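Numbers restart at 1 for each chain; the letters A, B, ... are given by sequence-line order, proteins then strands. Please read all numbers here as calculations on a predicted model, not as lab measurements.
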Amino acid sequence: MKPTLPPAAVVAAALALIFSAPQVAAAADAGWGEERAMPPPISFADAARLSLAELAARGRRLFLAKFTAAEGAGRPGATGAIVPTKAEETGLPTFFRTAGPDSNACRGCHNDPEPGGAGDFVANAFVSEGFSDADFDTVDPQFSNERGTPALNGSGFVELLAREITAELRAQRRAAAAKARTSGRKLRIALSAKNISFGHLTLHPDGFMDVSELEGIDQDLVVRPFSQKGVFTSLRQFTINALNAHHGLQAVERFGARHTGSADFDKDGVSDEIGAGNITALVVFQALLPPPIAALPQDEAARAAAARGRALFSEIGCASCHMPALPLESAVFTEPGPYNPAGNLRRREVKAPLAFPLNAKGLARDEAGRILVPVFSDFKRHVIADANKPHFANELLAQRFVNRDVFLTARLWGVGDTAPYGHRGDLTTLRGAIMHHGGEAAAAQKAFEALEADDQRRIIAFLQSLKLAGAGGSP
Amino acid sequence: MNAPAATAIALTALAALMSAAPAGAAETPRYVAERGIDHIYGGGWEFFVGGGVAAFDCDGDGREDVYLAGGTRPAGLYRNVSVTGGAIRFVPAADTGTALDQVLGAYPLDIDGDGILDLAVLRLGENVLLKGLGNCRFARANEEWGYQGGAAWTTAFAASWTKQAAWPRLFFGNYVDREAPGAPFGTCADNRLWLPRAEGGYGEARLLKPSYCTLSALFSDWNRNGEPDLRLANDRQYYRGGQEQLWRLAANGTPRLYGRREGWRKLTIWGMGIASHDVTGDGYPDYFLTSMGDNKLRVLLKGPGKPVFGDQAHKRGLTAHRPYSGGDILPSTAWHAEFSDVNNDGHADLFIAKGNVEAMKGFAARDPNNLLLGREDASFAEAGPDAGLVTYARARGASLTDFNLDGLPDLLVVNRKRPVEVWRNVGLGSAQRPVPMGNWLQLKLSQPGGNRNAIGAWIEVRIGTRTLTHEVTVGGGHAGGHHGWVHFGTGTAERARVRVRWPDGKWGPWVRLYTNQFARLVRGEAVAQPWLPPEGREPKS
């Protein structure tokens with residue numbers, strides 16, 4: 001069954017509704033005296049039957065909701081791990097800044113300058129993915145990494161770009177594998193998508209592959225664009241992880257009876273805490289957050305400085321990783337996405353995916369009609385620290401399969417509105433963030449350092465012009 | 001209360017106990033019947049046993065092909081031409097050199113270490129070692145390899161490599177000596193162990209006496225001391241004074257039985273098949289033994305120091321002692337058994353092939369196969385009906401193998417006097433629209449030397465705080481085995497760390513792998529080699 005798309009006018013209306021809704025949505029569906037912040041559960045099919053505006057408004061309400069114990073917040077019997085993991089009986093308090101839960105609401109951290117945005121240093125999160133048995137049951141900060149809160153604006157475009165890159169790389173792999181099999185000879189190919197090089201892949205005639213020359217991407221060629229390490233495939237996966245880690249709210253599609261054998265895996269007395277319909281609403285809300293767009297200053301001198309700064313940004317090599325714009329073939333967002341692993345709703349688990357166009361108003365297009373998404377990233381991971389510039393290697397733990405000094409290229413769109421900087425949010429200036437670049441970015445950092453002071457300021461002026469602008473965003 | 005009434009109440013209570021819905025019921029995959037294979041295993045009473053299948057890749061395309069015993073009919077080799085993620089199809093392979101008759105079963109392994117899988121063919125009469133030539137062609141190698149196939153009625157096979165040897169030790173388990181006075185009762189033929197010569201090939205066989213009509217054999221490192229011992233499932237129907245056996249083989253091949261003094265407990269069953277897996281999660285393999293009504297799960301009770309095995313079939317819901325449908329309440333007859341995670345939830349499941357010996361009174365005539373799904377608490381529950389697997393043919397051999405390379409283990413069942421059944425696992429969907437279940441990984445091992453497929457290795461897959469283990473073996477089941485991708489279900493885990501304890505006892509490094517893919521682990525390499533199915537189609541997420 002092919003998804004049907006709402007017309008652009010409906011999308012615009014949905015956006016208007018999202019951003020004109022009251023800041024705090026009351027738990028209108030809860031009866032008097034009930035203490036529930038979430039709207040009632042709905043199935044994915046029910047969610048798909050809602051208008052986009054209704055679904056997005058529901059998502060916003062969930063994003064703002066201060067979840068309560070009455071509806072499942074807290075996880076006394078489970079850890080914040082992404083794989084359902086039982087907690088040891090440590091007697092930790094309900095809320096906890098390191099092992100979590102550490103927040104009442106999504107917007108508790110993602111609130112600057114508005115819900116869905118970034119967060120102050122005070123909103124840093126502590127992440128722990130190591131799965132050493134102690135990682136989740138301890139208050140010791142050495143077992144987690146401290147991270148700043150990134151803005152979610154433009155996340156729909158981010159996920160679509162990642163999906164397109166993944167599809168393109170996998171198509172190249174598929175074609176080369178067939179060729180190697182047919183020819184009987186091994187084949188070494190350069191992997192590239194959207195003018196981004198991902199290294200080389202060697203395919204043998206028997207179907208085995210040498211992945212040792214891949215660059216900045218996982219061995220399965222899935223681009224994982226979310227989190228500062230680039231370890232989450234989709235908004236859905238990110239959302240489910242975050243709900244459990246930060247709020248102790250466990251999504252049925254991962255923590256429910258199907259995968260854990262229990263409807264109340266975290267033993268807080270609440271079964272089936274958040275279902276597929278509400279997860280979908282949260283995804284839709286985040287996907288529809290408008291993309292940041294450069295807003296050049298009104299002042300003519302400042303405007304000229306920023307324009308020159310943009311040119312310098314490219315000239316000294318920053319743009320080789322912080323690629324100014326990536327072309328997107330289609331702005332139609334489908335949910336669930338095509339690369340979700342089990343434990344996150346998958347395409348084949350629904351009759352038809354939800355599909356709706358993202359609002360690309362204000363985004364340029366190339367001559368082929370593709371949307372140029374001004375994301376300022378190459379969606380790759382890089383070594384970003386070295387012995388001379390160790391600041392960005394300041395984490396104690398590798399996350400998933402990503403080493404301590406390796407991070408996803410930060411998306412700089414909106415960076416003018418999202419101080420503080422760095423993955424720990426411990427740098428108050430853009431200049432500081434630039435100066436701490438090392439590793440693969442050492443040459444660009446040195447080139448920045450070698451610039452005249454005014455040219456350095458011009459680059460910073462340019463970065464300051466990258467605003468979280470858009471419907472409901474900062475002007 | 002009269003005896004029949006008491007029995008009825010006891011049976012009812014037992015049935016209620018067994019069918020009580022425990023917490024944490026596992027998700028049931030759906031199996032749909034494929035076209036099947038027009039191949040029948042049949043013959044007289046000598047072929048009441050046997051009927052095995054060897055599942056392995058004989059043409060190097062990564063799909064596992066099958067060699068099917070035929071009894072008095074010729075055995076058949078069938079190429080797997082399935083579409084990745086689609087329908088399962090087998091076609092007869094021509095001019096293969098494998099069309100032997102009197103075949104009861106076969107096991108695939110690379111005997112001569114040339115990188116091409118060979119076949120050990122068990123027959124009524126001379127056993128045959130078939131040397132793989134590539135592209136599903138084989139040649140008899142008994143003479144070249146110094147192996148004398150004998151004239152016995154061979155019903156079991158197992159193989160293992162000692163740490164230094166380039167060629168494996170081959171064990172052939174024999175059934176009744178039909179020529180002996182008083183046959184068939186108390187006349188079990190001697191079992192034989194073939195030790196490799198230093199220069200390759202085989203010399204004289206050693207007899208493993210006493211022999212008790214062995215129907216399944218498995219070299220397995222039950223205490224993980226690095227030296228696999230030989231477990232034999234023996235048929236009490238014909239032996240006298242016998243029991244199940246565990247042989248220790250000294251480095252020079254001298255066999256010695258574990259006895260009572262060492263903690264071995266006597267067990268007498270109609271031993272017909274062996275399946276091994278660490279059910280209890282203590283790090284040591286447990287052994288499911290098929291029988292007639294009294295299937296067993298033998299678990300290590302007192303640690304690795306002594307072979308003290310006790311039974312936990314009842315505790316784990318694994319007795320499978322009588323049919324769950326068909327109206328027959330007489331005891332079941334179980335043959336091949338195999339563990340595999342058919343729903344990819346991270347907990348191994350168990351398939352048991354069932355069927356009356358022929359028309360044996362006192363045992364169920366309508367005896368469906370079992371699919372017992374493993375749960376988080378290491379217990380099992382019957383899912384054959386929900387999976388759509390209920391048939392009443394007399395099953396013998398079987399193989400749980402992912403024939404269409406979609407990450408879900410499919411099923412092939414050899415029936416006595418009925419065509420071979422092929423079942424496609426479509427997860428939560430249908431034949432037209434399969435729906436995946438949990439995440440999965442499928443692995444192969446490779447190391448230098450004769451034992452290039454690392455038989456005897458242990459694979460550990462770390463997901464979250466759990467570790468899944470698998471011992472790579474040749475043997476067990478009933479008259480047939482599988483050699484190819486080792487399948488792990490990983491549940492909701494998107495990635496895993498994997499390491500191998502190689503057969504010489506040395507551990508490899510932890511290797512990082514994303515799930516939902518195939519990969520080879522090569523000794524000495526810290527990065528796995530992913531593999532794409534032939535069509536290059538991506539496994540469906």
Out of L203(A), V222(A), V211(A), return the one with the most heavy atom pairs under 4.5 angstrom to chain B. V211(A)
Heavy-atom closest pair, residues Q517(B) and D220(A): OE1-CB, 4.3 Å
Is there a side-chain contact between I82(A) and R495(B) in this structure, where contact means two heavy atoms from C-beta onward sitting under 4.5 Å apart? yes
Closest non-hydrogen contact found for T233(A) with E494(B) is OG1-OE2, 3.4 Å
From H204(A) atom NE2 to Q529(B) atom CD, the distance as rounded to the nearest 0.5 Å: 6.5 Å
Quick check: does any side chain N or O of Q219(A) sit under 3.5 Å from a backbone N or O of Y514(B), one acting as donor and the other as acceptor? yes
Using every non-hydrogen atom in the two residues, find where R348(A) and P436(B) come nearest and quote the distance to one decimal. CB-CD, 3.6 Å
Between G491(B) and A342(A) the two heavy atoms that sit nearest each other are O-CB, 3.8 Å
Atom pair CZ (R174(A)) and CG (L532(B)), whose distance is rounded to the nearest 0.5 Å: 9.0 Å
To the nearest 0.5 Å, what is the distance between CE on M437(B) and CZ on R258(A)? 6.5 Å
Once you round to the nearest 0.5 Å, how far does CG of D206(A) lie from CZ of R520(B)? 5.5 Å
Using a 3.5 Å distance criterion without hydrogens, assess whether the side chain of R375(B) forms a donor-acceptor pair with backbone atoms of G261(A). no
Per-residue contact mode, N439(B) against chain A (heavy atom under 4.5 angstrom): both
P84(A) versus chain B, the contacting section by heavy-atom distance below 4.5 Å: both
Just verifying a value: how many Å separate L428(B) CG and E349(A) CD, rounded to the nearest 0.5 Å? 7.0 Å
Among V527(B), D345(B), T492(B), which residue has the highest count of heavy-atom pairs closer than 4.5 Å to chain A? T492(B)
At a 4.5 Å cut-off on heavy atoms, which part of D210(A) comes close to chain B: side chain, backbone, both, or neither? neither
If you measure from CE on M209(A) to CZ on F518(B), what distance do you get to the nearest 0.5 Å? 11.0 Å
Does a sphere of radius 6.0 Å around CZ in R185(A) hold more than 12 heavy atoms from other residues, nucleotides or ligands, not counting ones at 6.0 Å or beyond? no
Minimal non-hydrogen separation, F208(A) against W531(B), with atom names: N-CD1, 3.5 Å
For A45(A), all residues meeting side-chain contact (heavy atoms from CB on, under 4.5 Å), sequence neighbours excluded: S43(A), R49(A)
Who passes ring-ring contact (aromatic ring centres under 6.0 Å, His included) against F56(B), sequence neighbours left out? none
